There are 2 protein chains.
Amino acid sequence: MFSKACEYGIRATLYVAMQSMEGQRAGLREIVDVTGTPAAYMAKILQKLVHAGILDSVRGPVGGFGISRIKIDNIRLAELVHTLEGDRFQGTCLLGKKSCGDTVCPLHNEFLEMKEEMLGMLENTSLFELASQLSLGLGTLKYRDEGET
Amino acid sequence: MFSKACEYGIRATLYVAMQSMEGQRAGLREIVDVTGTPAAYMAKILQKLVHAGILDSVRGPVGGFGISRIKIDNIRLAELVHTLEGDRFQGTCLLGKKSCGDTVCPLHNEFLEMKEEMLGMLENTSLFELASQLSLGLGTLKYRDEGET
DNA sequence: AAAATAAAAGACTAAATTGTCCTTTAATAT
DNA sequence: ATATTAAAGGACAATTTAGTCTTTTATTTT
């Protein structure tokens with residue numbers, strides 16, 4: 001569905017958001033631990049999110065990644081997806097490509113509703129919503145088939 | 001959204017279905033022309049579809065690819081997607097992996113409805129529905145940004 | 001100031017996906 | 001029978017995605 005980079009990035013961002021809401025920075029080690037993802041690869045993804053202005057970071061001891069409350073409230077899943085895998089989900093038809101907007105795509109009719117719902121959900125779901133659920137223990141960021149038993 | 005192989009395969013299958021409904025076989029050259037896809041790669045994809053028992057093929061002049069009326073009626077998009085890109089869309093959470101079924105995934109709640117709709121649509125849309133629309137001139141299988149102007 | 005800590009950065013390897021090319025095999029037409 | 005046509009098959013090449021390793025740079029302790 002999404003690329004690994006995107007999945008990992010979403011999970012990491014949600015964890016950072018959770019920690020930031022508690023006034024805590026999250027270090028790479030910690031993030032990798034909680035999300036069960038490859039450290040060096042995650043480092044790259046976090047870098048990308050920092051460059052994109054989504055996360056902020058400080059080096060050295062007591063350093064780590066954080067995200068401002070304003071961004072937790074305002075950044076939507078759509079923005080994460082966009083920065084982590086380009087426009088694969090932006091305005092493309094479920095079957096074809098960009099031109100689907102004005103050409104009549106046979107699958108367009110079938111999938112239009114679904115696509116709208118999908119994009120709508122990505123546009124409307126804020127980090128806050130998801131991070132809150134996680135804080136309440138309503139979810140996990142680690143998946144059994146990727147980590148240890 | 002889907003892999004190239006999957007997109008190409010769906011388009012090819014729909015064209016073959018259209019032609020088969022007219023009692024015509026479709027050759028590779030023709031398929032590649034209509035769908036605007038790389039010939040050698042498409043050949044591989046068609047092979048896969050033949051192996052999977054979705055399409056049938058005959059060699060030599062007057063040969064080409066075809067699909068029986070029974071299969072046009074009964075094969076759903078879900079089956080194409082499954083044979084062309086494995087279980088990436090089968091029972092996996094939109095964010096995480098297989099384990100999402102019993103673990104509580106934070107995005108699961110948000111996306112469950114959408115996922116269900118998506119899988120449902122793949123399960124319920126038959127080749128016949130789509131090929132019929134195409135036959136009526138209600139769509140195209142070629143996308144501008146991939147072919148010539 | 002020096003040692004320790006942690007992110008930034010860049011070069012690299014591995015694997016999967018996408019795509020090409022060339023030979024073989026099966027069917028038809030002359 | 002032979003030539004022709006078109007799919008089957010296998011071996012590659014290119015690209016993208018995923019992942020690793022090593023060095024540098026910025027911060028903070030001591």
Side-chain angles (χ1 to χ4, degrees), chain A residues 1-13 15-16 19 24-33 35-67 81 83-89 97 146-147, chain B residues 1-13 15-16 19 24-33 35-67 81 83-89 97 146-147:
Chain A
M1 186 86 228
F2 297 108
S3 64
K4 291 282 180 192
C6 192
E7 285 185 16
Y8 296 169
I10 293 174
R11 291 196 226 163
T13 303
Y15 179 68
V16 171
Q19 292 305 101
Q24 302 273 318
R25 283 196 167 276
L28 172 65
R29 196 72 58 83
E30 199 184 338
I31 293 172
V32 157
D33 247 43
T35 57
T37 51
Y41 192 41
M42 180 57 94
K44 295 292 174 199
I45 296 167
L46 290 166
Q47 249 182 74
K48 222 175 190 174
L49 291 167
V50 169
H51 285 149
I54 293 169
L55 300 181
D56 55 273
S57 66
V58 277
R59 307 191 209 193
V62 193
F65 299 87
I67 178 169
V81 172
T83 61
L84 292 171
E85 53 184 310
D87 54 7
R88 197 153 68 87
F89 278 81
K97 296 299 208 96
E146 287 174 314
Chain B
M1 185 86 229
F2 297 107
S3 65
K4 293 279 181 194
C6 191
E7 285 185 16
Y8 296 169
I10 293 175
R11 291 195 225 164
T13 303
Y15 180 68
V16 171
Q19 292 306 102
Q24 302 273 318
R25 280 195 170 276
L28 173 65
R29 194 73 57 84
E30 198 184 339
I31 294 173
V32 157
D33 247 42
T35 57
T37 50
Y41 192 40
M42 180 57 93
K44 296 292 173 198
I45 296 167
L46 290 166
Q47 250 182 71
K48 221 174 190 176
L49 291 168
V50 169
H51 284 148
I54 293 169
L55 300 180
D56 55 273
S57 66
V58 276
R59 307 190 210 193
V62 194
F65 299 88
I67 179 170
V81 172
T83 60
L84 291 171
E85 51 184 312
D87 54 6
R88 197 153 67 86
F89 278 81
K97 296 296 208 96
E146 287 173 314

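Computed from a predicted model, the values in this text were never measured in an experiment.
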Of all heavy-atom pairs between [X] and [Y], which one has the smallest distance, and what is that distance?
{"X": "B:Ala26", "Y": "B:Val16", "answer": "CB-CG2, 4.2 Å"}
{"X": "B:Thr13", "Y": "B:Leu49", "answer": "OG1-CD1, 3.4 Å"}
{"X": "B:Ser3", "Y": "B:Glu85", "answer": "N-OE2, 3.3 Å"}

Could you give the [atom1]-to-[atom2] distance, from [X] to [N], as a whole number of Å?
{"X": "B:Gln47", "N": "C:dG19", "atom1": "CD", "atom2": "C1'", "result": "14 Å"}
{"X": "A:Leu49", "N": "C:dA9", "atom1": "CG", "atom2": "P", "result": "14 Å"}
{"X": "B:Asp56", "N": "C:dA27", "atom1": "CG", "atom2": "C1'", "result": "15 Å"}
{"X": "A:Lys4", "N": "C:dT17", "atom1": "NZ", "atom2": "P", "result": "11 Å"}

(message) Side chains of A:Val81 and A:Phe2, heavy atoms from C-beta outward: is any pair under 4.5 Å?
(response)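 A side-chain contact exists here, since the closest heavy-atom pair is under 4.5 Å.
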
Under 3.5 Å, which donor-acceptor pairs do the side chains of residues 50-60 of chain A form with other protein atoms, sequence neighbours left out?
unit_1	atom_1	unit_2	atom_2	d
A:His51	ND1	A:Gln47	O	3.4
A:Asp56	OD2	A:Arg25	NH1	3.3
A:Asp56	OD2	A:Arg25	NH2	2.7

(request) Check every nucleotide of DNA chain D for an atom under 4.0 Å from a heavy-atom of chain B, then give the first and the last such nucleotide from 5' to 3'. (result)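 Range of nucleotides touched by chain B: D:dT5 to D:dA11.
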
(request) Quick one: which residue pairs count as a salt bridge (Lys or Arg N to Asp or Glu O under 4.0 Å) with a foot in residues 38-54 of chain A, not counting sequence neighbours? (result)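 Residue pairs passing salt bridge (Lys or Arg N to Asp or Glu O under 4.0 Å), neighbours aside: none found.
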
(request) Mind checking the OG1-CD1 spacing from B:Thr35 to B:Ile10? Nearest 0.5 Å is all I need. (result)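 B:Thr35 atom OG1 to B:Ile10 atom CD1 measures 12.5 Å (nearest 0.5 Å).
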
(request) Identify, with sequence neighbours excluded, every residue that meets side-chain contact (heavy atoms from CB on, under 4.5 Å) alongside B:Ala12. (result)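 Only B:Ile31, B:Met42, B:Leu46 meet the side-chain contact (heavy atoms from CB on, under 4.5 Å) criterion with B:Ala12.
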
Short heteroatom pairs, N/O only, protein and nucleotides 3-6 of chain C, under 3.5 Å:
unit_1	atom_1	unit_2	atom_2	d
C:dA6	O4'	A:Gly60	O	3.2

(message) Any residue in residues 38-46 of chain A with a heavy atom nearer than 4.0 angstrom to DNA chain D? Just list them by number, or reply none.
(response)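 Hits under 4.0 Å, by residue number: A:Pro38, A:Ala40, A:Tyr41, A:Lys44.
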
(request) Tell me, please, which residues at least two apart from B:Glu30 pass side-chain hydrogen bond (donor to acceptor under 3.5 Å, both in side chains). (result)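 Here the qualifying residues are B:Tyr15.
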
(message) Under 4.0 Å from OP1 or OP2 of C:dA9: is there any side-chain N or O of A:His51 that close?
(response)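 It does, given that an N or O in the side chain of A:His51 lies less than 4.0 Å from OP1 or OP2 of C:dA9.
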
